[in-house]
Each structure stands twice: as C-alpha cells, then as structure tokens.
Trainee: 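A single structure is presented below for examination.
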Number of protein chains: 2
Amino acid sequence: MNNFDLHKPLPYYLQFYEKIKQMIVNGEYEPGQRINETQLAKAFGVSRSPIREAMRLLEKDGLLVADQKTGFIIYSLSPEDVEEIYQIRTALESLAIELCITRASDEELLFIEQLLDRTAEEIKQGAEDSRLIELNEHFHQLILEYSHNKHLKKQLDSVNVLIYFCRVLNFKGKGRAAEILDEHQQVFTFMKKRSLKAVEHMQQHLHHDLVYLQKRLNTKRD
Amino acid sequence: MNNFDLHKPLPYYLQFYEKIKQMIVNGEYEPGQRINETQLAKAFGVSRSPIREAMRLLEKDGLLVADQKTGFIIYSLSPEDVEEIYQIRTALESLAIELCITRASDEELLFIEQLLDRTAEEIKQGAEDSRLIELNEHFHQLILEYSHNKHLKKQLDSVNVLIYFCRVLNFKGKGRAAEILDEHQQVFTFMKKRSLKAVEHMQQHLHHDLVYLQKRLNTKRD
DNA sequence: ATAGATTTGTACGTATGTATA
DNA sequence: TTATACATACGTACAAATCTA
C-alpha cells in the first residue's frame, strides 16, 4: 500500500463552486450577464445537478444575484456597494486585529514579520501583480487566523469574496503595491508592541484602499 | 382580472430551506444529530433534488456541518462559539447603530420609539415569550434597516441565524425580557439625540446578553 | 398572440462509497 | 471480515415556466 491518493477528490458541486467562483472574480463573465446552468453543465461535461448546487452556494456568497423571473445574473459591483462593503470589512478587520494583538503568540507575530520582509524582497525583485495580490491577501489572512475566532474568519472571507474584484484593481498597472506594503508595515509596528494603535492604522489603511478603489472605478467608467 | 395571487409560490428548494431552518433553530433536531436527505424528502413528500439544494444553503449558513465522511449533522453551539459569534455581532451592530445615528430620518427614529412603546405595553399585558422574541428582534432589525447598508444587513442576518438558538434561551422561563426592553430604551435615548454614546450602550447591552446566555448554557449542562 | 425553442424545477434511476450486522 | 443495507453524488427524463420569432 502506498501513501498517495490519500484523500478522495472533492465532489463535483464543490469543485465547480470553486471553479465558477474563480471565473467570476477573475472577470471572465460580464457583471450583470445572465448565467445559464445548462450551458455551464455542457461546457464542463457534467450534468446540471452539481452545477445547480454550486450556483446556490454562489448566490449565498452574493456573486450571483437572482434575476427578476428565474435564474441568476453575475453580481455587479456598484460604487455604493464598495463603500458599504468596506464599512463592514473595516469593522471586522478592526475586531480581528484587536483580538490578534491580545491573543497571538510571539511566534505568530514573527510569522507576520517574516511575511512582510519577504514581500519587501519580492517587490524589489519586481514580482508580478498576481503574486503581490497573494502576499497582500496573506497579511490580512494571518491576522485573521491569529485572532483565533473561526467564525470571524468565515464572515470576513464571505465579505472579501465580493471585494476581490477590487483587489485586482488595486494592483493592475502601477497600482499601490509599495504603498500597501508600507501601510502594512506601519500596522505591524504597533502590533509588535501589542498596542491598540494598530487598529487605527488598519482602519486608515483600509480607508486608503477604499479611496484608491473609488478613484479607479471612476476613471474606468470614462 | 383580480389582484390576488400576485406572486408565484416559491420553488420547493427555497420553501424547504426556510422550513428546515425553522425546524433547526426551534430545536426540533438534536444538535449534532445526523440529517438524512432521503428521509426528509420522504417526510415532505418530494424528491431529493430540492432537499439537497436546501441543504447546501443550510450548510453555508452554518446550521448544517459537514460530517467526516459524507452527509451533514446539525450544528451544535459550543460556549466558545457563542463568545466568538457575539464578538462579531457586537462589531457589526456597533457599525449599524453608528450608521443609523447619522443616516436615519426623524421619521425612522420615531418608528423605533413606537416599537419600544408597543413592547412596553405588551410586556405589561403579559405577552408570550415568542412574541417578545419577535419584538426584541425587531428593534435590532429596524436599526439595521435604518443604517441603510444592504450588505451589512445580509452579514448580520447570517450571524444572527447561528445565535437564534440563544435568543430563545433569553426569554424562556422568566427570562430577561423586561431587562432587555430597559436596555433597548437606554440605547434609544442616545439615538434620539444622535449621540455616539448609543454605540457604547448597545455594546453593553450585547455584553449583558452574552453573560446571561453563558450562565443559562452552563446551568442547562448540569 | 401563438408556436416553438430554451431554460429552469423536480422526479427518479443508478453507481459508488459508507455504515452495520 | 464479508455481505447486506443504506446514503449520497450524479445523470437522465419530463413538466412547467419563460423567452423568442
């Protein structure tokens, strides 16, 4: 007996849930576009059953929105939505960092510091946009993880799905990757001292994100 | 042509989603108990398809939890979960009330005041537990609605589902219905003045809820 | 407005994997 | 452990609703 094949493959409905989610956040569908389960099932070479179940989950995420009659359309992010979502994100990330400050072990804080160092290094070496998105994302994820509140993680993840569209904008072209790293480092300075000032700095950081996003959303519209 | 029958009935999968959700939060299943789609389908006299889709939604809500192998069990609320969830709830309700203070119209505030008056009246007349739960819930819902952030409403609703179990405990037996009304009235005093002190009072109110719940959860365990 | 073509909602059948004796 | 029963994942079929010509 060998050690391979240790876990069974995920069921189709979960695989397609992830797959379609990626397609949506990566902009492979036009926002507002209608989505067709029959067509998707054919495209993936499976029956409609697992596709339907995946679509139910995507609707819960808010990535699919019920059409007037029946069926779904792709979520379309309005400027008001961005603002609303950032208000929520700020509230939850504030909680996360507050909990993290009191609960994270010294070792966990060290992991965060190492991540920031690595990010600085990779920026210097001209890493790709997608890689920077990943590293930036990871900073927030670590804080979340070290807040040791599983439910908070779940909630924030579900908010973050909707702003992933935005996350991409934040890095496209010149982006503000260097600025973001700088802000993350500032936040961490206070985390290291376990000072609540980290919360304020995180809030400012997220506010900068929001302002930047709104600017880009407006220019895109022209 | 008449005005009746204006909306078509919901599809089964949505009807059963609501139905099963109610059954779970009302304690008709034992937490941790395994749930069987074949059995449910038979009990409701439908095929497994709509039941399956309903169950996916319930899993997203967190009311059903994936079993090790396959299938679902009913979510079981641990004391740690209660604390985690209340932390999130407090963060989101704080945001809600902060937004409400700046955005709600005078008329909207009046609606809240009327709700509190009505609640006081019904308590005096010895209303039922279920009715008091409803009125209490409605206070929080109005604040949420008048915060004018649709996404926040969605998020908080999804948190609240998990603590609805608790909500019931809050009123069973003697409960603290009168105390809750009192705290709501205090919160509202500051809302009326559009003072941020309302936020603090809401936080205290939720903390009292939490402490009370934990006490009841512990005594129940004996 | 009607007829035909899509598309969704639901029933049902089958295969595979899991529990149970 | 093996064999049986059972539950779930997925496919297929059909009916009802919706769209389109």
Side-chain angles (χ1 to χ4, degrees), chain A residues 1-21 23-24 29-30 32-75, chain B residues 1-2 4-21 23-24 28-76:
Chain A
M1 188 171 157
N2 65 46
N3 282 340
F4 303 110
D5 212 352
L6 281 176
H7 57 86
K8 69 157 189 282
L10 287 171
Y12 284 167
Y13 78 91
L14 284 178
Q15 290 186 49
F16 290 120
Y17 165 64
E18 292 297 340
K19 174 73 180 163
I20 300 171
K21 180 158 79 175
M23 291 171 70
I24 294 175
Y29 292 103
E30 206 61 37
Q33 179 186 341
R34 183 140 187 208
I35 196 161
N36 180 322
E37 37 175 82
T38 310
Q39 203 172 298
L40 270 176
K42 237 182 284 180
F44 289 125
V46 295
S47 81
R48 283 169 48 225
S49 309
I51 299 291
R52 281 177 65 81
E53 293 175 20
M55 286 174 60
R56 302 288 167 245
L57 299 183
L58 291 164
E59 191 210 359
K60 271 265 166 191
D61 284 335
L63 289 175
L64 296 181
V65 182
D67 204 355
Q68 12 263 48
K69 297 293 173 184
T70 179
F72 294 114
I73 59 176
I74 304 289
Y75 173 62
Chain B
M1 187 173 156
N2 65 44
F4 304 108
D5 212 352
L6 283 177
H7 57 85
K8 68 158 187 281
L10 287 171
Y12 283 167
Y13 76 90
L14 285 177
Q15 289 185 50
F16 290 119
Y17 164 64
E18 292 297 338
K19 175 72 180 166
I20 299 171
K21 179 158 79 174
M23 290 170 70
I24 294 175
E28 297 188 32
Y29 292 103
E30 206 61 36
Q33 178 186 342
R34 182 136 189 215
I35 197 162
N36 179 321
E37 41 176 78
T38 310
Q39 202 172 299
L40 270 176
K42 233 182 286 179
F44 290 126
V46 295
S47 81
R48 284 171 47 226
S49 309
I51 300 290
R52 281 178 66 80
E53 294 177 16
M55 285 174 60
R56 300 288 171 244
L57 299 181
L58 291 165
E59 192 209 0
K60 267 264 162 192
D61 285 335
L63 289 175
L64 295 182
V65 181
D67 206 353
Q68 6 264 51
K69 298 293 173 185
T70 178
F72 295 113
I73 59 176
I74 304 290
Y75 174 62
S76 170

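Here is the naming used below: chain letters follow the sequence lines, and residue numbers restart at 1 for every chain. Nothing here was measured: the structure is a model prediction, and the numbers come from that model.
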Trainee: Scan nucleotides 4-12 of chain D nucleotide by nucleotide, 5' to 3', and note B when protein non-hydrogen atoms come under 4.0 Å of the base, S if they reach only the sugar-phosphate, - if neither.
Mentor: ---SBBSBB

Trainee: Please list all pairs meeting ring-ring contact (aromatic ring centres under 6.0 Å, His included) that have one or both residues in residues 44-65 of chain B, counting only residues at least two apart or in different chains.
Mentor: B:F16-B:F44

Trainee: Sequence neighbours left out, what passes side chain to side chain contact (heavy atoms under 4.5 Å, CB included) with A:Q33? Give chain and number order.
Mentor: A:Y29, A:E30, A:I74

Trainee: Just how far, in rounded Å, is P of C:dG9 from CG of A:D67?
Mentor: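 So the CG-P distance, A:D67 to C:dG9, works out to 11 Å.
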
Trainee: Quick one: list whatever passes side chain to side chain donor-acceptor pair (under 3.5 Å) with B:Y13, sequence neighbours left out.
Mentor: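 For B:Y13 the side chain to side chain donor-acceptor pair (under 3.5 Å) partners, ignoring immediate neighbours, are A:R56.
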
Trainee: B:L58: which residues meet the side chain to side chain contact (heavy atoms under 4.5 Å, CB included) condition with it, sequence neighbours left out?
Mentor: B:Y17, B:I20, B:K21, B:D61, B:L63, B:L64

Trainee: Could you pull out all residues at least two apart from A:R52 that satisfy salt bridge (Lys or Arg N to Asp or Glu O under 4.0 Å)?
Mentor: A:E37, B:E53

